[in-house]
Amino acid sequence: MMHAHSPPVAHSLSIDLHTHSTYSDGVLTPAGLVRRAASRGVSLLALTDHDETGGLAEAAQAASEAGILLVAGVEISAAWNGQTVHIIGLDIDANAPQLTDGLASIRRSRGERTARIAAQLDAVGVTGSLAGATRHAGSSAAIGRSHFARFLVEHKHVRNTSDAFSRYLGAGRSGYVPPSWPELARAIDWIHCAGGQAVLAHPDRYRLAPRVMHSLFQAFAQSGGDAIEIGSDGRFKSSAQVRLARQFGFALSSGSDFHAPGKNVTDLGNVTDIPAGVPAVWQRLRAMR
Ligand code: AMP
Ligand code: MN
Ligand code: MN
Ligand code: MN
């Protein structure tokens with residue numbers, strides 16, 4: 001006997017909610033990023049440039065052509081307890097005035113920091129970094145240390161980006177300038193004013209002792225934070241951070257933090273599945289409702 005109905009199609013949603021384009025320190029244009037994501041099977045993609053939303057219009061256009069869903073995002077540089085933390089805004093209205101003003105103020109302070117980094121590098125005999133970093137930043141309004149790192153590699157001051165940070169750009173090194181980011185709670189407020197979900201990016205990368213990690217999660221909860229990002233590495237599935245997230249009632253988000261194609265780098269769509277029984281942040285996005 002023939003079946004009248006075809007078997008149900010397995011629904012699989014491949015998500016990537018943390019990526020960068022040429023509008024910050026990524027190397028693909030927003031359209032190039034979207035096309036690469038689509039060709040790799042990603043069906044729900046967020047563009048989350050550092051402190052900048054200028055790439056979202058191009059990305060949205062490319063996503064509609066490629067037939068995938070684009071989530072409007074941003075990765076905000078913020079300060080907590082004297083250190084840098086990154087807060088991702090997902091599903092934001094990129095024209096909300098509190099957010100656009102806040103991001104503009106961060107980009108101004110990036111500009112000031114850039115001049116000081118260049119002056120400090122000059123002082124140790126590494127010349128030409130201001131022009132070099134500016135050229136690597138291209139059309140990005142959010143110039144930063146990645147652009148200096150590319151200059152340092154290009155001019156053979158270091159072998160690779162990681163060396164650029166450990167020898168020149170990291171905390172305590174000759175090219176280091178302490179940033180002046182907005183406090184965590186302000187960054188979360190800007191995201192909420194723009195209708196978005198606030199996600200604490202890559203908590204595993206802050207190298208915090210368990211007790212301090214707990215304080216960060218507590219501060220994030222008290223400031224109204226919505227979700228925690230689990231990295232692209234599967235081991236975070238059962239990690240202490242996931243347990244903490246459950247304890248504080250956060251949803252989970254997952255993204256590759258893709259910056260550039262290359263060897264030994266996480267590519268678009270290579271993200272950790274969100275464990276069953278924990279809410280996924282994408283279920284709260286407007287596009288999914
Ligand atoms: P900034 O926001 O200007 O301080 O630059 C931070 C960016 O530099 C991060 O988003 C990463 O893309 C990159 N970065 C930071 N530390 C490292 C590192 N050790 N190796 C490579 N890239 C790094
Ligand atoms: Mn970056
Ligand atoms: Mn980050
Ligand atoms: Mn990032």
Side-chain angles (χ1 to χ4, degrees), residues 16-28 30 33 45-53 55 71 73-79 82-90 103 105-118 120-121 129-130 132-134 136-138 140-153 157-173 175-182 187 198-207 228-232 253-268 270-271:
D16 192 337
L17 299 178
H18 185 165
T19 70
H20 296 275
S21 78
T22 47
Y23 278 77
S24 62
D25 56 354
V27 304
L28 300 184
L33 180 86
L45 175 75
L47 175 61
T48 56
D49 277 314
H50 297 288
D51 309 313
E52 169 64 88
T53 58
V71 177
V74 67
E75 182 175 16
I76 304 183
S77 308
Q83 79 164 83
T84 296
V85 293
H86 286 172
I87 309 299
I88 290 179
L90 293 178
L103 297 181
S105 74
I106 297 181
R107 294 194 299 268
R108 276 195 300 279
S109 90
R110 281 185 171 280
E112 289 158 19
R113 183 180 68 149
T114 292
R116 293 180 57 197
I117 292 174
Q120 289 182 195
L121 289 176
S129 71
L130 184 59
T134 304
H136 282 286
S140 168
I143 190 167
R145 288 185 294 165
S146 299
H147 305 115
F148 280 95
R150 286 177 200 151
F151 159 83
L152 289 167
V153 173
H157 295 288
V158 292
R159 271 177 309 178
N160 54 43
T161 313
S162 157
D163 279 353
F165 279 86
S166 59
R167 291 185 50 201
Y168 288 102
L169 302 169
R173 300 294 159 186
Y176 184 71
V177 174
S180 53
W181 310 131
V199 182
L200 177 64
H202 45 61
D204 48 290
R205 264 194 248 155
Y206 305 134
R207 297 169 187 280
I228 301 291
E229 183 179 68
I230 49 175
S232 50
S253 185
S254 198
S256 64
D257 201 6
F258 176 85
H259 284 72
K263 281 181 290 182
N264 306 320
V265 301
T266 302
D267 210 322
L268 292 164
N270 282 348
V271 308

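Keep in mind that what you see is a predicted model, and the values were worked out from it rather than measured. Just follow the structure's listing: the first ligand is 1, and inside any ligand the first atom is 1.
Of the polar atoms of Ser77, none of the N or O atoms is found under 3.5 Å from an N or O of ligand 1, judged by distance alone.
Between His259 and His20, the ring planes are parallel. Angles under 30° get that label, and only those over 60° would be called perpendicular.
Looking only at side-chain heavy atoms (C-beta outward), Val27 and Pro261 come within less than 4.5 Å of each other. The side-chain heavy atoms of Trp181 and Gln83, taken from C-beta on, include no pair separated by under 4.5 Å. In this structure, the side chains of Tyr23 and Leu47 stay at 4.5 Å or more apart for every pair of heavy atoms. Using a 4.5 Å heavy-atom cutoff, the side chains of Arg150 and Asp25 are in contact.
Each of the following atoms of ligand 1 lies closer than 4.0 Å to a heavy atom of Gly144: 3 (O). Heavy-atom proximity to Asp25, at under 4.0 Å, picks out these atoms of ligand 1: 7 (C), 10 (O), 12 (O). For ligand 1, the atoms lying closer than 4.0 Å to a non-hydrogen atom of Arg113 are 1 (P), 3 (O), 4 (O). Interface of His50 with ligand 1, defined as ligand atoms under 4.0 Å from a residue heavy atom, comprises 10 (O). Short contacts between ligand 1 and His259, defined as distances under 4.0 Å to a heavy atom of the residue, involve ligand atoms 12 (O). Remark: ligand 1 atoms within the under-4.0 Å shell around heavy atoms of Phe165 are 8 (O), 13 (C), 14 (N), 15 (C), 16 (N), 17 (C), 18 (C), 19 (N), 20 (N), 21 (C), 22 (N), 23 (C).
Atom OD2 is the N, O or S atom of Asp25 at the shortest distance from the Mn ion (ligand 2).
Taking only non-hydrogen atoms, the option from Ser146, Ser162, Gly26 nearest to atom 13 (C) of ligand 1 is Ser146. Here the shortest heavy-atom distance to atom 4 (O) of ligand 1, taken over Arg145, Arg110, His86, Glu75, belongs to Arg145.
Scored by the ring pair (Phe, Tyr, Trp, His ring centres under 6.0 Å) test, His147 finds no partners at all (sequence neighbours excluded). The ring pair (Phe, Tyr, Trp, His ring centres under 6.0 Å) search around Tyr206 returns His202, not counting sequence neighbours.
When the options Asp16, Thr19, Asp267 are evaluated for a side-chain hydrogen bond (donor to acceptor under 3.5 Å, both in side chains) with Ser256, the one that passes is Asp16.
Shown are the protein N/O/S atoms under 2.8 Å from the Mn ion (ligand 4), given by residue and atom: His18 NE2, His20 NE2, Glu75 OE1, Asp257 OD1.
In terms of modelled atom types and a separation under 3.5 Å, the side chain of Asp257 and the main chain of His18 share no donor-acceptor contact.
Here salt bridge (Lys or Arg N to Asp or Glu O under 4.0 Å) pairs that include residues 160-173, with residues two or more places apart or in two chains, are Arg159-Asp163.
Contact detail for Pro203 and Ile228: the closest heavy-atom pair is CG-CG2, 3.8 Å.
Heavy atoms of His20 found under 4.0 angstrom from ligand 1: none, in either backbone or side chain.
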